Amino acid sequence: PILGWAAASGGIKLVYLLLAGIAAVPLLFGTEPSAESTTKPGPRRPAVPAARVILAALFTLTAGGSAVFVYAAAIALQQTSLSATTISLAFSANAIASIPAARLKGNRRLAGIGYLVTSGCALVVGLSSSGVLFFFALTLWGAGFWYATPATHALLEAR
């Protein structure tokens with residue numbers, strides 16, 4: 001929301017200034033990696049064909065989704081009546097919805113539905129002229145993607 005306000009009031013220069021300031025904050029807290037935080041690599045196993053297919057599908061989904069997600073704010077500004085601040089709140093809602101979805105415990109046997117939800121939300125974000133639909137779809141997108149992705153990683157680990 002702060003960046004949305006900056007874009008609306010100060011333009012792109014203020015946004016980049018704020019981003020530079022935010023990126024510089026970790027420089028104040030320099031740390032060195034500890035021996036406990038590093039792991040020793042084990043023997044590598046060759047990838048099975050199924051893992052390669054899963055990785056290719058995950059790459060395609062992520063690259064395609066990123067293409068829409070990166071331009072979602074520009075799409076919303078052009079196609080809906082939402083303000084920059086409201087659009088930034090939609091991105092925040094996306095992140096907030098992602099947290100419980102990613103932290104779910106247990107078996108995610110229907111994880112593929114999460115990717116179908118993500119795909120549908122990408123279509124709505126890219127094509128809808130309704131601000132309400134844009135906001136809802138962007139929020140649900142985060143939940144769907146992060147519901148399915150841990151299951152994909154577990155599947156890869158098993159292969």
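Since the model is a prediction, treat every value here as computed from it, not as a measurement.
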If I compare all heavy atoms of [X] with all of [Y], which pair ends up nearest, and what's the gap?
{"X": "V124", "Y": "A137", "result": "CG1-CB, 3.6 Å"}
{"X": "L61", "Y": "S119", "result": "CD1-OG, 4.0 Å"}
{"X": "L18", "Y": "A6", "result": "CD1-CB, 3.4 Å"}
{"X": "W141", "Y": "T118", "result": "NE1-CG2, 3.4 Å"}
{"X": "L138", "Y": "N94", "result": "O-ND2, 2.7 Å"}

_I2, CD1 atom: more than 12 neighbouring heavy atoms under 6.0 Å_ = no
*Donor-acceptor pair, side chain of S88 and main chain of T85, under 3.5 angstrom*: yes
*asked:* I'd like to know if L123 and F134 are part of one continuous hydrophobic network [Ile/Leu/Val/Met/Phe/Trp/Tyr, side-chain heavy atoms within less than 4.5 Å].
replied: no
*Does one hydrophobic cluster hold both V68 and L58, with members joined at side-chain heavy-atom distances below 4.5 Å?*
yes
From [X] [atom1] over to [Y] [atom2], what is the distance, rounded to the nearest 0.5 angstrom?
{"X": "T139", "Y": "F91", "atom1": "OG1", "atom2": "CZ", "answer": "10.0 Å"}
{"X": "L133", "Y": "L140", "atom1": "CG", "atom2": "CG", "answer": "11.5 Å"}
{"X": "L17", "Y": "I22", "atom1": "CG", "atom2": "CD1", "answer": "10.0 Å"}

Side-chain donor-acceptor pairs of residues 73-84 under 3.5 Å, sequence neighbours excluded:
unit_1: Q79; atom_1: NE2; unit_2: G126; atom_2: O; d: 3.4
unit_1: Q79; atom_1: NE2; unit_2: S128; atom_2: O; d: 3.0
unit_1: T80; atom_1: OG1; unit_2: A76; atom_2: O; d: 2.5
unit_1: T80; atom_1: OG1; unit_2: L82; atom_2: N; d: 3.3
unit_1: S83; atom_1: OG; unit_2: T86; atom_2: N; d: 3.2
unit_1: S83; atom_1: OG; unit_2: T86; atom_2: OG1; d: 3.0

Exercise answer: donor-acceptor pairs, residues 143-150 side-chain atoms, under 3.5 Å, sequence neighbours excluded:
unit_1: T149; atom_1: OG1; unit_2: Y115; atom_2: OH; d: 3.3
unit_1: T149; atom_1: OG1; unit_2: F145; atom_2: O; d: 2.8

_Just so I know, are the side chains of T62 and S66 near enough to count as touching, which here means a heavy-atom distance under 4.5 Å?_
yes
*Among I87, V125, L89, find the residue that satisfies the side chain to side chain contact (heavy atoms under 4.5 Å, CB included) test when tested with F135.*
L89
_Partners meeting side chain to side chain contact (heavy atoms under 4.5 Å, CB included) with S9 (sequence neighbours left out)_ = W5, L14
